Trainee: 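Take a look at this one; I'll ask things after.
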Amino acid sequence: MNALSTPIAPHELNKARSNFLRGTLAESLADELTGALAPGDDQIGKFHGFYQQDDRDLRADRRDRLLEPEYSFMLRARLPGGVCTPAQWLTIDRIGRELAQGSVRLTTRQTFQYHGIPKGDLRGVIQGMHQVLLDSIGGCGDLNRNVMCNPNPDQSALHGEVYAWARRISEHLLPRTRAYHELWLDGECVAGGEESEPLYGETYLPRKFKTAVAVPPHNDVDVYANDLGFIAIADPADPARLLGFNVLAGGGMGTAHGDKSTFPRLSDDLGFVTPDQVLAVAAAVLTTQRDFGERGDRVHARLKYTVERMGKEAFRAEVERRAGVLFAPPHPVAFTDHGDRYGWTRGQDGRWHLTLFIENGRLRDLPGRTLLTGLRAIAEVHQGDFRITPNQNLIVAGVPARQKKRIEALARDHGLLADGLTPVRLGAMACVAFPTCPQAMAEAERYLPALLTRIEALAARHGLAGQEIVIRMTGCPNGCARPFLAEIGLVGKGPRTYNLLLGGDGSGTRLNKLYRDNIAEAEILDTLDGLFARYAAQRAAGERFGDFVVRAGIIRRVENAASDFHD
Ligand code: SRM
Ligand code: SF4
C-alpha cells in the first residue's frame with residue numbers, strides 16, 4: 001500500500017505482524033517479573049489506548065539503585081465530542097481514585113486520561129469503563145483519534161445534529177479488529193487470518209490521524225490543527241438547520257527543534273459537502289493518507305506532509321475520486337474565538353450550562369479545592385450531561401432552572417468556579433509534560449500556574465488586567481496544547497527554558513512565529529514587560545495582543561507555507 005519507495009520503518013513491520021493489534025500483549029500482561037510490556041507491545045498497546053511510561057522524577061534515583069524504571073501506564077479514553085453522562089462520570093471518578101493515583105486528567109482533545117496505572121490494573125480499568133459503555137479504542141495509535149466537536153450546547157438544535165455527526169464519524173473510522181474485546185473484555189479468541197480491516201488494512205495508518213468538527217463562530221476545537229476538519233454550515237435563513245460542512249485536510253502542530261523539514265501547518269479547505277457525503281469523504285481522506293502517507297520515516301508521516309507533497313489540488317482530486325463526491329466551493333466562515341465561555345449560559349431550549357475552570361485539566365482533591373469530590377457531588381444530582389472542552393475544562397450541561405442554585409453552590413464549595421480569575425489564566429493551557437511524558441524537555445502543567453501569576457502581575461502593571469491574551473505552554477515542540485496557535489506560545493527547549501512565539505489571532509486561524517529562542521523565566525518576563533508596555537500604549541481600539549505584534553512588525557505574519565515558520 002505504500003506509495004513511496006522509502007524503506008519500511010520497523011513500526012510498520014510490527015503492526016503488520018501484530019495480527020490485527022494483538023501482538024504478544026496477552027503474554028506481556030501475564031509477565032509478573034517486570035512492570036513493562038515486551039518490546040513492540042508498547043506500540044501495539046497505544047491502539048488500545050495506553051502508553052507505557054515511567055516516573056521521570058524517580059528515573060535517575062532508580063537507575064542509581066539498579067532498579068527497573070517505575071513503569072506504569074497512561075490510559076486515554078475515546079469520548080467523541082467530550083460528552084458523558086453523570087453515571088459515566090461517577091465511574092470515571094471511581095477508577096481515577098482507586099486505580100490511577102487519585103487523579104483524572106482532562107485533555108486538549110476533549111477526553112480524559114489516567115496516569116500511573118500499574119500493568120496489572122490495566123484490565124480492571126478497561127473493564128470498569130466498559131461497564132458504563134466507555135472505551136479506549138483508538139485513544140492513541142496510528143488510527144483516527146478522539147473526534148472533537150464544539151461542546152457548547154447553547155446552540156442547542158444545530159449543536160445536537162453536529163455532535164451526532166461527530167459520533168458517526170468516530171464510529172465509522174473505528175478499527176474492526178476484535179483484539180480489544182478479546183484482550184480486555186470477553187477473552188474469546190478469533191483465530192489469526194479470520195479478520196480484516198476494510199478501512200485500515202493490516203498496517204493501519206502511517207501515523208496518528210485527528211478529526212474535529214467546529215461550529216462557527218467558535219473554534220474551540222482548533223479545527224485547522226487537525227488532519228481532517230469539518231466546519232458546520234448553518235442555513236442562513238434558519239440557523240438551527242445544518243446545510244453541510246466545509247471540509248479541511250492537512251493540519252497539525254508537531255515540530256522538532258532545529259529541524260526545518262518539520263513544521264506546524266493549518267489545514268487546507270477542500271470544499272463544501274452535504275451531510276450525507278460526510279462519512280464517505282472522511283473515509284476517503286483517511287484512506288488517501290493510508291495509501292499515500294510516508295511509511296519509511298515517522299517524522300514526516302502525518303497527513304500534513306502528504307498534502308504538502310501531493311499538493312492540495314491532487315489531494316482533493318484523489319479524495320473526490322475515492323468518495324465519489326465532488327466538492328462544492330466552501331462557504332464563507334468567520335471564527336471569533338478558540339477559548340471557553342465560563343459560567344452560566346442559557347441554551348435555546350431553555351436549559352442552562354455551567355462551564356467550570358479546571359486548571360490545565362488536572363482533577364484531583366487538593367487542600368481547599370476538592371475538585372474530584374465536587375464533581376462527584378454534582379454528578380450525583382445532575383440530570384443533564386458533562387462535556388469536556390478542547391481547552392481542558394468541563395461543562396455541566398443541560399441543567400433545568402430549578403437545579404441551578406444547587407449545582408452552583410456545589411461548584412463554589414469545591415473550588416470549581418472561574419469567578420475572580422483573570423482572562424489570561426482562563427484562556428491558558430499547558431500540556432502534561434513532567435513527570436509522566438517521556439518527550440518533555442521542560443515543565444508545563446506543573447509550572448504554568450506559577451508563571452501566570454507573574455504574567456498577571458505584569459499585565460496589571462500595564463493596565464491590561466482585564467485583557468484576554470491566549471497563552472499556551474508545552475514541554476516540547478510536539479505541540480500538545482496547540483501552542484503554535486496561541487497569542488503567546490511557550491515551547492519547552494531545555495530544563496527551565498522555552499522558545500517564545502508570538503502572533504496567534506485569538507481564534508485559532510493564524511500560526512504564530514518564533515520571537516525569542518531558548519529563554520528562561522527572567523527573560524520571558526522581561527520580554528513580555530516590554531511588549532506589554534508597547535501594546536498598552538500603541539494598540540488600536542479592541543485590538544488583540546496577537547494582532548498588535550503582527551501589525552507593529554514585532555513578528556512577521558506566517559503564511560502557512562512549509563518553510564515560513566522557521567525563517
Ligand atoms: Fe500529544 C505525544 C499528551 C494532544 C501532538 N502527547 C504525546 C504523548 C503521548 C507523549 C508520548 O509520545 O509518549 C503525551 C502523553 C503525556 C502524558 O503523560 O499524558 C501527549 N497530547 C497529550 C495530551 C494529554 C496533552 C494535554 O495536556 O491534554 C493531549 C491528549 C489529546 C487526546 O485526548 O487525544 C495531546 N498532542 C495533542 C495535540 C493537540 C490536538 O491534537 O489538538 C497535538 C498537536 C496536534 C497534532 O497532533 O499535530 C499533539 N503528541 C503530539 C505529538 C506530535 C505529533 C506530530 O505530528 O509530530 C506527539 C509525539 C508523537 O506523536 O510522536 C505527542
Ligand atoms: Fe509531552 Fe511534548 Fe506533548 Fe507536552 S507537548 S505532553 S511535553 S509530548
Side-chain angles (χ1 to χ4, degrees), residues 11 42-43 45-46 49-56 72-80 82 100 103 105-116 136 138-142 144-148 206-212 220-227 229 250-257 259 262-267 294 298-305 338 358 360-362 388-393 429-448 472-485 489-493 498 508:
H11 271 78
D42 49 349
Q43 185 205 353
K46 294 180 187 179
F50 55 84
Y51 281 71
Q52 179 172 303
Q53 302 184 321
D54 71 290
D55 187 328
R56 294 184 63 183
S72 66
F73 291 81
M74 176 272 272
L75 184 130
R76 187 183 289 163
R78 182 181 68 95
L79 197 67
S103 164
R105 177 58 156 68
L106 309 184
T107 77
T108 55
R109 292 194 69 79
Q110 288 186 290
T111 184
F112 62 92
Q113 287 186 177
Y114 296 121
H115 290 100
S136 59
C140 323
D142 296 342
N144 184 51
R145 302 285 186 95
N146 196 43
V147 176
M148 291 211 277
R207 205 64 162 80
K208 55 174 71 163
F209 183 91
K210 298 183 173 179
T211 306
D220 31 16
V221 297
D222 274 330
V223 68
Y224 296 99
N226 284 264
D227 298 84
M253 294 278 102
T255 68
H257 287 309
D259 180 351
T262 66
F263 45 85
R265 185 178 192 278
L266 303 183
S267 52
E294 165 68 57
R298 287 180 69 78
V299 174
H300 300 105
R302 290 293 294 273
L303 178 65
K304 62 182 175 182
Y305 299 114
H338 59 151
I358 314 294
N360 301 323
R362 181 64 70 180
I388 300 171
T389 80
N391 286 286
Q392 306 166 321
N393 293 306
M429 283 205 286
C431 72
V432 178
F434 284 98
T436 51
C437 179
Q439 315 255 7
M441 301 168 180
E443 294 281 353
E445 178 188 324
R446 295 198 296 195
Y447 171 51
L448 184 63
R472 294 176 174 180
M473 171 180 275
T474 56
C476 85
N478 281 325
C480 298
R482 300 184 289 273
F484 305 117
L485 291 168
L490 290 158
V491 174
K493 185 120 192 228
Y498 298 84

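One is the number of the first residue; the rest follow in order along the sequence. Just so it is clear, the values below take in all heavy atoms, side chains as well, and ignore hydrogens, waters and symmetry mates. Everything numeric here is computed off the predicted structure, so don't read it as measured data. Whatever order the structure lists them in is the order used to number ligands and atoms, beginning at 1.
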Trainee: Side chain, backbone, both or neither: which part of P438 comes within less than 4.0 Å of ligand 1 when only heavy atoms are counted?
Mentor: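 For P438, only side-chain atoms sit under 4.0 Å from ligand 1.
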Trainee: Hey, is Q110 touching ligand 1 through its side chain, its backbone, both or neither, going by heavy atoms under 4.0 Å?
Mentor: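 Neither; no heavy atom under 4.0 Å.
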Trainee: Any N or O of T255 that comes nearer than 3.5 Å to an N or O of ligand 1?
Mentor: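 T255 vs ligand 1: no N/O contact under 3.5 Å.
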Trainee: Please state which part of R105 comes within less than 4.0 Å of ligand 1, counting heavy atoms only: side chain, backbone, both or neither.
Mentor: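 Side chain only.
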Trainee: Is there a polar contact between ligand 1 and T436, counting only N or O atoms under 3.5 Å apart?
Mentor: yes
Trainee: Determine, considering heavy atoms only, which of R362, R145, R76, R207 sits nearest to atom 34 (O) of ligand 1.
Mentor: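 Shortest heavy-atom distance from atom 34 (O) of ligand 1: R76.
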Trainee: Counting heavy atoms only, name the option from M253, K210, M429 that's nearest to atom 47 (O) of ligand 1.
Mentor: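 Among M253, K210, M429, the closest heavy atom to atom 47 (O) of ligand 1 comes from K210.
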Trainee: Can you tell me if D220 and H338 form a side-chain donor-acceptor pair at under 3.5 Å?
Mentor: no
Trainee: Could you pull out, from E445, Q392, K208, the option with a heavy atom nearest to atom 63 (C) of ligand 1?
Mentor: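 Residue with the shortest heavy-atom distance to the ligand atom: K208.
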Trainee: Should one rank C480, G475, P483 by closest heavy-atom distance to atom 3 (Fe) of ligand 2, which comes out on top?
Mentor: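 Of the listed residues, C480 has the closest heavy atom.
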Trainee: Non-hydrogen atoms of A433 versus ligand 2: any pair closer than 4.0 Å?
Mentor: yes
Trainee: Within C437, is some N, O or S atom less than 2.8 Å away from atom 3 (Fe) of ligand 2?
Mentor: no
Trainee: Is there at least one pair of N or O atoms, one from Q113 and one from ligand 1, spaced under 3.5 Å apart?
Mentor: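 Checking ligand 1 against Q113, an N or O pair does fall under 3.5 Å apart.
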Trainee: I want to confirm something. Looking only at heavy atoms, which of R109, R265, R298 is nearest to atom 40 (C) of ligand 1?
Mentor: R109
Trainee: Just to be sure I read this right, does ligand 1 sit under 4.0 Å from the backbone of A430, its side chain, both, or neither, counting only heavy atoms?
Mentor: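 Backbone only.
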Trainee: Set out, in order, the CA-CA distance, both residues' side-chain angles and the distance that settles side-chain contact (heavy atoms from CB on, under 4.5 Å) for K208 and D227, then state yes or no.
Mentor: CA-CA 9 Å; K208 55 174 71 163; D227 298 84; 5.7 Å; no
Trainee: Can Q110 and L79 be said to form a side-chain contact (heavy atoms from CB on, under 4.5 Å), step by step?
Mentor: CA-CA 7 Å; Q110 288 186 290; L79 197 67; over 6 Å; no
Trainee: Considering atom 1 (Fe) of ligand 1, could you give the total of protein N/O/S atoms lying closer than 2.8 Å?
Mentor: 1
